[in-house]
Enquirer: 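Would you mind keeping the following structure in view while I ask a few things?
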Number of protein chains: 2
Amino acid sequence: MTMSLVSILELRHLRTLAALHETGSVSRAAKRVHLTQSALSHQIKALQSHYGLSIIQRRGQAVELTDAGKHLVALAGKVLEEIQATERGLAKMSQQATGSLRIALECHTCFDWLMPLMDAFRQHWPDVELDLVSGFHSDPVKLLEEGGADVVIGSEHKRRRGIVNHPLFRFEILAVLAPEHPLRRKRILHAADFANETLITYPVPEDRIDLILNVLKPADIHPERRTAELTVAILQLVASRRGVAALPSWGLKNYVDHDYVIARRISTHGLWSDLYASTLTETASRPYLRDFLTTARNTCFATLDGIIPLE
Amino acid sequence: MTMSLVSILELRHLRTLAALHETGSVSRAAKRVHLTQSALSHQIKALQSHYGLSIIQRRGQAVELTDAGKHLVALAGKVLEEIQATERGLAKMSQQATGSLRIALECHTCFDWLMPLMDAFRQHWPDVELDLVSGFHSDPVKLLEEGGADVVIGSEHKRRRGIVNHPLFRFEILAVLAPEHPLRRKRILHAADFANETLITYPVPEDRIDLILNVLKPADIHPERRTAELTVAILQLVASRRGVAALPSWGLKNYVDHDYVIARRISTHGLWSDLYASTLTETASRPYLRDFLTTARNTCFATLDGIIPLE
DNA sequence: TTTTGATATGAATTCTATTCATTAATATTT
DNA sequence: AAATATTAATGAATAGAATTCATATCAAAA
């Protein structure tokens, strides 16, 4: 096994390697770069035989990067970042670096990852007017159309002329209980388990709460509700046994690790929700929006546990 | 004209841009990356419409990089170097970073560019035994086969089993005259012009001297010869009117600029020579040899004027 | 053991980069 | 000035390679 005569390495390979590193699995990485698992397998094989080195190693079920793989991943990180940077530079030169990015949040918990992202964005695009559109909005699509916001982050919106849904990621919603809660024995909670509980939610209508919409309502179960604005407030209420909540898995890790609350799967295969960023078609082509989306995905996949790529 | 939704940039584009920067012309760059001029035109067009910016600008006959183009070239430089570096690292990991590189020179003038190259090589491949095989060798191919050298740098050798000719570049051989030499009036020298001159050459047989082999002998002209070991010695003899010489154009620039000697084209379309690096097939696949060849080409194209890519 | 989830592999296919053939434009030569 | 030689751009055709499809293989969990 020896190297071939010219370098076959392309950015595509580096993008794959980066995804592989982030996801720790070939099939997840494939989703991440919008290719099939087979395509990645072939890519990896080509690289391996090119360099005469194995890049990944099967450790039981999971794949692990070898030393060589880690070198290439490090390269990928550097190179892809440099490319992003110069592409931002080019966007500035083509005078497409100005405009506004007013973000409306349908998903309250998303504050968690949005804040650091917005900081980074401000650095990269100093001339884009960045804002958070606060408050609840009954019709976010109308908000986009009327120019009240440039992006809505939330669930998918029905296909509609002039509106694009950019997939972000899929995440699991877990039930959150006080550590001493009687339901702690059950590994998985079902609709019936919520019958006599108080459900603590963000102050939004029922049809915006996945647990109610997809689990409780179909089972004709209508627990009491109590609302709180902030995630920490909800968790505080749960911990002090005022009720139970349902929150994205990623935001819970710290609290669960410190035994402040416990988390349980909802229904057999879990309650999953898909997150999208919706914009006008017009807005979708702006470089800074594209940059916002890719860095949003990148940082989310890098920092949030248990999320999976969409599409 | 707006950006498309995902980055289409690949290393191929960066390699093209780098070549474009080095050569200053689409067709020369095409040769450099072993593609057609058309292919590069299409690549450039794709990039331009992708970024909504022009990358090159036609300044009369020559193409010039725009600001955007320069940014991309800068990126290319950085990225391609980083890739080379990690590929060296990988070669080390696959234990293909040891061995020997003994260089035999058929082309005396090549010392000029070989020395700095060897210094760089030593840095990159500390565990490869690097050497110059000095002296004249009547049968360089045999030298390879018998293990006396690992690379021979010189003209192409006849196709032979087990031997590979790696093309380096094509260069022009110019006649060198003292500034006051009577032939200075002529823009182009022909065989007859050499009839009454003393020809100053390196101490090698006639059939290794392109001027004699391709120009003088066919015209049945046999000037006197005098030899010198070093390029500077030859130039010194020429300057002091002991005769004329024929040397690669690239090594002359400094001396011509300082009016130490003058240079003239030989025959209507010039006397051109092709430079190759020949190795055993076995040696050709070694990573350090490949690295040596690519950096040789890179530094030559970057530093030597008037050379053109082969094949 | 059976089943499930994940990866590897060869063949087929689809896609897209490259070449081919030509036109247009610019420079050089006669 | 006309003619010739270079050089780049462009659309259509081609060739090549990356991806998908369909399976096989493998490890872990039930």
Enquirer: Hey, do the aromatic rings of A/Phe169 and A/Trp272 have their centres closer than 6.0 Å?
Expert: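 No, too far apart.
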Enquirer: Within the pair A/Ser38 and C/dT9, is there a side-chain N or O less than 4.0 Å away from OP1 or OP2?
Expert: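 No, because none of the side-chain N or O atoms of A/Ser38 sits under 4.0 Å from OP1 or OP2 of C/dT9.
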Enquirer: Atom CZ in A/Arg32, atom CZ in A/Phe301: separation rounded to 0.5 Å?
Expert: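 Answer for the CZ-CZ pair, A/Arg32 versus A/Phe301, is 4.5 Å.
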Enquirer: I want to confirm an ordering. Mapping B/Arg28 and B/Lys45 to their closest nucleotides on DNA chain D, which one lands closer to the 5' end?
Expert: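 Whichever sits nearer the 5' end wins; that is B/Arg28.
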Enquirer: Starting from C1' on C/dT16, measure out to NE2 on B/His50 and report it in whole angstrom.
Expert: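 These atoms are roughly 16 Å apart.
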Enquirer: To the nearest Å, give me how far apart CD (A/Glu10) and C1' (C/dA17) are.
Expert: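 The answer, rounded to whole Å, is 11 Å.
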Enquirer: Drop me the distance from B/Ile44's CD1 to B/His42's NE2, to the nearest 0.5 angstrom.
Expert: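 The CD1 atom of B/Ile44 sits 11.0 Å away from the NE2 atom of B/His42.
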Enquirer: Below 4.0 angstrom from OP1 or OP2 of C/dT7, is there any side-chain N or O of A/Ser25?
Expert: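 For C/dT7, OP1 or OP2 has a side-chain N or O of A/Ser25 closer than 4.0 Å.
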Enquirer: May I have the distance from B/Arg58 (atom CZ) to C/dA27 (atom P), rounded to whole angstrom?
Expert: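 Value for this atom pair: 8 Å.
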Enquirer: Select one nucleotide: of C/dA8, C/dT19, D/dA9, the one nearest the side-chain heavy atoms of B/Val26.
Expert: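 Of all the options, the side chain of B/Val26 is nearest to D/dA9.
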Enquirer: May I have the distance from B/Gln37 (atom CD) to C/dT18 (atom C1'), rounded to whole angstrom?
Expert: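 Those two atoms, CD and C1', are 12 Å apart.
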Enquirer: Given atom CG of A/Leu35 and atom P of C/dT16, what is their separation to the nearest angstrom?
Expert: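 Rounded to whole Å, this separation is 12 Å.
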Enquirer: Between A/Thr16 and A/Gln43, do the side chains contain a donor N or O and an acceptor N or O under 3.5 Å apart?
Expert: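 A/Gln43 vs A/Thr16: donor-acceptor pair found between side chains.
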Enquirer: Taking donor-acceptor contacts at under 3.5 Å, does the side chain of A/His42 reach the base of C/dT7?
Expert: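 It does not, because no donor-acceptor pair links the side chain of A/His42 to the base of C/dT7 below 3.5 Å.
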Enquirer: Rounded to the Å, how far apart are A/Gln57 CD and D/dA27 P?
Expert: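 From A/Gln57 CD to D/dA27 P: 14 Å.
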Enquirer: Figure out the CG/P separation between A/Leu11 and C/dA17, and round it to whole Å.
Expert: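 Answer to the nearest Å: 13 Å.
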Enquirer: Is the phosphate of C/dT19 approached by B/Thr36 (side-chain N or O, under 4.0 Å from OP1 or OP2)?
Expert: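 It does, given that an N or O in the side chain of B/Thr36 lies less than 4.0 Å from OP1 or OP2 of C/dT19.
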Enquirer: Roughly, in whole Å, what's the span from CD1 in B/Ile44 to P in C/dA17?
Expert: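 Rounded to whole Å, this separation is 14 Å.
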Enquirer: For A/His181, does the NE2 atom have more than 12 heavy-atom neighbours from other residues, nucleotides or ligands under 6.0 Å away?
Expert: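 Enclosed: over 12 neighbouring heavy atoms sit under 6.0 Å from NE2 of A/His181.
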Enquirer: Give a yes/no answer on whether the side chain of A/Gln43 brings an N or O atom under 4.0 Å of OP1 or OP2 in D/dT19.
Expert: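 Answer yes for this pair, as a side-chain N or O of A/Gln43 is under 4.0 Å from OP1 or OP2.
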Enquirer: Any side-chain N or O of A/Lys31 under 4.0 Å from OP1/OP2 of C/dA6?
Expert: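 For C/dA6, neither OP1 nor OP2 has a side-chain N or O of A/Lys31 closer than 4.0 Å.
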